[in-house]
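Position 1 is the first residue of the sequence, and the numbers go up from there. Counting starts at 1 for both ligands and their atoms, following the listed order.
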Amino acid sequence: MRILPIQKNYCTNYTSQVNQKKKSQNAASNIINANFAAYPQKNISFGGLISPVELLVKKIPLDEKLASLLEIALPGDVVFSAKNLKAAQKALKESVDLFNNVLKRFFFIPDDNLDGAVAFVRGLNNDLEVVNLNNFEMQIVNGEKSLPLKPKDGTYIENGTVLSIKDTQIPIKYKSDANLSFQRCLFSSCYDMSDFVKQGIKNQNAKSIKALSKDIDKKGKQISFADIGGQDAVINNLKKGILYPVKYPEAFENTVVNHGFIMYGPPGTGKTLIAQALANETSAQFIKLNGLEMESKWVGESEANWRKLFHFAKEYQPSIIFIDEFDAVAKKRGGIDAFGDKVVNQLLTLMSDIEKDGDDVFVITATNKLNMLDDAITRSGRFGKHLEVKAPDNIDAVSSILNIHTRNKKVDPNLDVQKISQALLDKKATGADIAFVVNSANENAFERLGIYEKMENGTFGKADMDALMIVEDDFLKAIENFGSGNKGVQNRNPIGYTK
Ligand code: ADP
């Protein structure tokens, strides 16, 4: 009964005390690292003397104190005990890997007699886990049976079991025998991090939701190496340089892995396709950028944006950053453009960080003007692999691209593929040109069979599609038109060209 006035003074309501601490809480770098001292507790000793209340509270057995807190512990709450807070915090830090859930509130019970430290975590399903924070074994005694709990290990614990920590036996009770709700604030301290973790959870959830789109995107057309013709040498190089190190890291432990690649060659030869296929085959996050767009959009913020980009790529590794028209970002400046030089330096620094940290982040760049690139980029080991992506220069390469683009089309089975391929080779057609010719040939077949006409007068039907067949003549016409129009490689301006 003597305790009543003090209850009124110090802890009329435990929740209001917790709320008060919430207000005084400042942002801590992480929950367990948080400075517990920043959450002040009411001092119940008087003038250095141990108060009668304190003595009384000390007499409450640890198991009752524990039970009284386990009774109110919510998912994400931790109840922990040790001789003092400092020792307990150190032990928690060392065991941080054991906690799978976000920890929101910490209840600390100091106990002079406890030789070691122990924590109880309320899980999301309301289950209770005990964590051995010590460097020695504890015992969990259930009737006749005694099970060891290894140092820095955790397990679920049931009501009625007994925890044995050296000489201390703690019967575990989910509910205390006595009603200690008024005394809780006297024998324990609460550190409430709920507000602090809320923002962290929100950020993490946003990231997880964003990561979903990675899989959603993949449901679209999946480019694979089988969709690329005539570029086997480049593909093999990239397989050895990126695909295998990502898939079989153990084989590359003692190897310096190159993280930067420059693909060079005329437009429309499959550079983008190759990078995309590689990302798919590696199951990597694919980030596609265009040097020209970056130059105009990132004005004044290039360095910060590069850092953000790499940060993102690291977070979602394995990832492939593909930079098309790289020359717009990394062109020779000869020291006359200090800003441009800074961007190049920033890029090289980020690349060297990736290398140092052994991240699965690869940067594949593409340009049709290799000689325009800054020496700092081409000579540095950071972009050490230069791969030429040529327009197909032999009949096999052309016919393999032709096969890729006709495989889902209705083509005359007796088509002289060699003849068409030779005609395309003579025109120095690139992969993009071949794709264009196949589409034109398809249109020619539509014209020849009067399909557009039927569509116009409403008589088009399934039988027309069944009768559709692209024949040699359709191809030859398409090749002729392609050569005389401005789609031919000879007449085409490089990407980014302005008059
Ligand atoms: P680049 O990046 O070299 O300018 P792209 O990869 O963007 O060229 O190619 C454009 C299109 O041309 C591709 O989507 C594809 O349809 C076709 N293409 C280009 N090269 C090839 C190739 N080697 N094999 C198959 N298709 C190709």
Cut-off 3.5 Å, side chains only: do Q422 and D426 have a donor facing an acceptor? yes
Compute the ring centroids of F326 and F383, then answer whether they are less than 6.0 Å apart. yes
Heavy atom of H405, distance to ligand 1 below 4.0 Å: yes
Nearest non-hydrogen atom to atom 21 (C) of ligand 1 belongs to which of A277, G431, P392? G431
Are T269 and K271 close enough that a side-chain donor and a side-chain acceptor fall under 3.5 Å? yes
With a 4.0 Å cut-off, would you call K288 and D324 a salt bridge? no
Going by heavy atoms, is G229 under 4.0 Å from ligand 1? yes
Answer yes if the side chains of T430 and D433 hold a donor-acceptor pair under 3.5 Å, and no otherwise. yes
Interfacing atoms of ligand 1 (cut-off 4.0 Å, heavy-atom, I228): 23 (N), 24 (N)
Quick check on contacts: which atoms of ligand 1 are under 4.0 angstrom from a heavy atom of P267? 4 (O)
Which option wins on minimum heavy-atom distance to atom 11 (C) of ligand 1: G268, A366, A432? A432
With a cut-off of 4.0 Å, which atoms of ligand 1 are near a heavy atom of D227? 24 (N), 25 (C)
N132 side chain to N134 side chain, donor-acceptor N/O pair below 3.5 angstrom: yes
In terms of relative ring orientation, are F106 and F80 parallel, tilted or perpendicular, with 30° and 60° separating the classes? perpendicular
Heavy atoms only: which of L402, I434, L273 lies closest to atom 27 (C) of ligand 1? L273
Looking only at distance, does G270 have an N or O less than 3.5 Å from an N or O of ligand 1? yes
Contact partition for T272 relative to ligand 1, non-hydrogen atoms under 4.0 Å: both
Is the F312-Y316 ring centre distance short of 6.0 angstrom? yes
Ignoring angles and geometry beyond distance, decide whether D324 reaches within less than 3.5 Å of ligand 1 through its nitrogen or oxygen atoms. no
